[in-house]
Visitor: 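Sending over a structure as structure tokens; questions will come in a sec.
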Amino acid sequence: MFDSDRADGEGKMAGEPVTTLHDFQLSMLHPMCKSAPMQAAGLLDRIGATSADTAVAQARWWFGEATNNFTTIAEYVTAWGAPDSESIERYGEREIRSARWDLPFWPGMQFEFRAMGPHHLFHRMLRKPGVPVPQLDSIEDLTPWSCTKEEFLGSSLGPFDEDIDLGSIGNRIDFEAADPESGRRRPYRARFAWCLLQSVEPVLVRLSKPNPVPVDETPIDELILTRQIGRAVLRIHAEIEGNFDDAMADFQHRYARLARARPNDFIVDERRTDYQRLADAVDSLLSPGRPRSHLADEP
């Protein structure tokens with residue numbers, strides 16, 4: 001159906017490496033090794049891979065490959081082969097094209113690209129047609145990988161608060177539900193990666209806000225462009241008030257956006273060095289007792 005689109009329309013395919021669907025799934029799995037460790041460990045054992053393999057795949061996807069910069073479905077067809085299903089929906093004169101690939105890592109799930117306009121793709125993980133949707137009636141039903149974000153928002157749980165976008169791969173949704181032990185309603189926070197539920201935790205209500213801590217006011221994009229990776233992660237962390245996994249995901253989203261807008265500032269070798277700087281920065285930030293002040297002196 002998509003053969004009429006030229007996959008090499010912008011020259012991205014010529015001479016550039018692409019990420020296979022298998023490696024793309026490995027890159028999707030990388031953040032889940034922390035957000036849903038038991039499920040990720042079981043999957044890694046099943047496919048004969050390691051967490052190190054997922055880190056390499058993620059680095060290739062975000063920083064070293066052409067695939068992450070594709071802007072048409074036809075380019076993914078060229079890279080991944082024919083989709084398992086495809087469709088065209090028409091709304092008046094507007095046409096929305098979609099293509100789905102099965103995800104062997106997550107049986108019964110598919111990854112979909114929808115062409116919402118010229119060179120603009122929307123993506124999501126969703127359940128394959130005909131696969132039963134889980135019944136979500138209580139907190140106890142919300143186990144890691146049990147549902148997609150759409151299934152969660154369509155459940156009888158809630159009310160749901162703001163859907164906070166943590167970058168191109170994650171979301172955080174606050175909601176209310178009955179506590180399994182007391183039966184009283186209380187706030188919870190659900191986290192998603194690639195539209196798949198990772199965790200649900202109770203939200204601790206603060207009676208008073210702590211005194212604000214001064215933060216670096218340098219624009220985050222400027223920090224990224226000047227390769228001050230640690231400072232950029234700290235700024236993002238302070239801005240979104242999330243954990244460092246959230247900050248890393250947001251950083252990657254910003255980095256990819258800047259790389260598309262200013263490709264001359266992001267050559268492949270520098271991207272790989274930047275990813276190592278990011279990994280080193282996050283390791284330093286998460287190390288107990290490790291001072292953070294040294295990040296301000298990054299070149």
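These numbers come from a predicted model, not from an experiment. Side chains are part of it too, since the values below use all heavy atoms of this structure and drop only hydrogens, waters and symmetry mates.
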Visitor: Does R60 reach the main-chain N or O of A55 with its side chain, forming a donor-acceptor pair under 3.5 Å?
Guide: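 No, R60 side chain to A55 backbone: no donor-acceptor pair under 3.5 Å.
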
Visitor: Answer with yes or no whether the hydrophobic clustering places M28 together with L126; edges join I, L, V, M, F, W, Y residues whose side-chain heavy atoms lie under 4.5 Å apart.
Guide: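 In one cluster with M28: L126, no.
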
Visitor: Have S27 and Q58 got a donor and an acceptor in their side chains that come within less than 3.5 Å?
Guide: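 No pair is found: no donor N or O on one side chain lies under 3.5 Å from an acceptor on the other.
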
Visitor: What distance do R191 atom CZ and R172 atom CZ have between them, rounded to the nearest 0.5 Å?
Guide: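 Rounded to the nearest 0.5 Å, the CZ-CZ separation comes out at 6.0 Å.
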
Visitor: What about L157 and V133, same hydrophobic cluster or not, with Ile/Leu/Val/Met/Phe/Trp/Tyr joined at side-chain heavy-atom distances under 4.5 Å?
Guide: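 No, L157 does not connect to V133 through the hydrophobic network.
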
Visitor: Under the salt bridge (Lys or Arg N to Asp or Glu O under 4.0 Å) rule, what do R97 and E89 come out as? Steps first, then yes or no, please.
Guide: CA-CA 6 Å; R97 314 171 76 179; E89 301 174 30; over 6 Å; no

Visitor: So, do Q25 and P104 sit near enough that their side-chain heavy atoms are less than 4.5 Å apart?
Guide: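 A side-chain contact under 4.5 Å exists here.
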
Visitor: Any chance the side chains of T148 and E150 put a donor and an acceptor closer than 3.5 Å?
Guide: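 Absent: no donor and acceptor within the cut-off.
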
Visitor: Under a 4.5 Å cut-off applied to non-hydrogen side-chain atoms, are Y76 and L121 in contact?
Guide: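 The answer is yes; the side chains approach within 4.5 Å.
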
Visitor: Drop me the distance from S199's OG to K34's NZ, to the nearest 0.5 angstrom.
Guide: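 If I round to the nearest 0.5 Å, the distance is 14.0 Å.
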
Visitor: Once you round to the nearest 0.5 Å, how far does OG1 of T54 lie from CG of D23?
Guide: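 Between atom OG1 of T54 and atom CG of D23 there are 11.0 Å.
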
Visitor: Between F175 and V203, is there a side-chain heavy-atom distance shorter than 4.5 Å?
Guide: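 Side chain of V203 against side chain of F175, heavy atoms only: no contact under 4.5 Å found.
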
Visitor: Compare every heavy atom of L142 with every heavy atom of C147, then report the nearest pair and how far apart it is.
Guide: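 For C147 versus L142, the nearest heavy atoms are SG-CD2, 4.2 Å.
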
Visitor: F113 and F122: aromatic ring centres closer than 6.0 Å?
Guide: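 No, ring centres 6.0 Å or more apart.
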
Visitor: Any chance you could measure R262, atom CZ, to D221, atom CG, to the nearest 0.5 Å?
Guide: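 Output value for this atom pair is 9.0 Å.
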
Visitor: In chain order, what residues pass the side chain to side chain contact (heavy atoms under 4.5 Å, CB included) check against D179, with sequence neighbours excluded?
Guide: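 By the side chain to side chain contact (heavy atoms under 4.5 Å, CB included) rule, D179 matches E181, S182, R186, Y188.
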
Visitor: Look only at the side chain of T143 and the backbone of S146, and say whether a donor-acceptor pair between them is shorter than 3.5 Å.
Guide: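 Checked: no pair found.
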
Visitor: Compute the ring centroids of F70 and W80, then answer whether they are less than 6.0 Å apart.
Guide: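 Centroid separation for F70 and W80: 6.0 Å or greater.
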
Visitor: For G42, does its backbone N or O pair with a side-chain atom of D45 as donor and acceptor, under 3.5 Å?
Guide: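 Not at all, since once roles are kept as given, no pair shorter than 3.5 Å links the two residues.
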
Visitor: So, does Q198 use its side chain to make a donor-acceptor pair with the main chain of L196 at under 3.5 Å?
Guide: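 Confirmed, Q198 side chain pairs with L196 backbone.
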
Visitor: Just how far is it from atom CG of L43 to atom CE of M32, taken to the nearest 0.5 Å?
Guide: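 One gets 9.0 Å once the value is rounded to the nearest 0.5 Å.
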
Visitor: Report yes if the side chains of P83 and R100 come closer than 4.5 Å at any heavy-atom pair, otherwise no.
Guide: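 SC-SC contact between P83 and R100 ruled out.
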
Visitor: Suppose the criterion is ring pair (Phe, Tyr, Trp, His ring centres under 6.0 Å): which pairs have a residue in residues 34-54, not counting sequence neighbours?
Guide: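 Of all non-adjacent pairs touching residues 34-54, none passes ring pair (Phe, Tyr, Trp, His ring centres under 6.0 Å).
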
Visitor: Given F152, which of L197, N171, I173, V200 fulfils the side-chain contact (heavy atoms from CB on, under 4.5 Å) condition?
Guide: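 With F152 as partner, L197, N171, I173, V200 yield a single side-chain contact (heavy atoms from CB on, under 4.5 Å), made by I173.
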
Visitor: Yes or no on salt bridge (Lys or Arg N to Asp or Glu O under 4.0 Å) for E201 and R189, after CA distance, side-chain angles and deciding distance?
Guide: CA-CA 5 Å; E201 299 174 348; R189 175 165 295 162; over 6 Å; no

Visitor: Just jot down the side chain to side chain contact (heavy atoms under 4.5 Å, CB included) partners of P132, sequence neighbours excluded, or say none.
Guide: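 If we apply the side chain to side chain contact (heavy atoms under 4.5 Å, CB included) test to P132, skipping adjacent residues, there are no hits.
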
Visitor: Between F24 and W61, what is the ring plane arrangement, given parallel below 30°, perpendicular above 60°, and tilted in between?
Guide: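 Aromatic pair F24/W61 classed tilted.
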
Visitor: Can V131 be reached from F105 by stepping across I, L, V, M, F, W or Y side chains whose heavy atoms are under 4.5 Å apart?
Guide: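 In one cluster with F105: V131, no.
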
Visitor: Does R185 have more than 12 heavy atoms from other residues, nucleotides or ligands lying within 6.0 Å of its CZ?
Guide: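 Yes, because the 6.0 Å sphere around CZ of R185 holds more than 12 heavy atoms from other groups.
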
Visitor: Would you check if there is a donor-acceptor pair between the side chains of S98 and S87 at a distance under 3.5 Å?
Guide: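 On atom types as modelled, these side chains qualify, holding a pair under 3.5 Å.
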
Visitor: To the closest 0.5 Å, what do you measure between CD1 (I73) and CD (E86)?
Guide: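 It is 8.5 Å, given to the nearest 0.5 Å.
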
Visitor: For a quick check under 3.5 Å, do T78 and E75 share a side-chain donor-acceptor pair by atom type?
Guide: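 No pair is found: no donor N or O on one side chain lies under 3.5 Å from an acceptor on the other.
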
Visitor: Mind checking whether M109 and R127 have side chains closer than 4.5 Å, heavy atoms only?
Guide: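 Side-chain contact under 4.5 Å: yes.
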
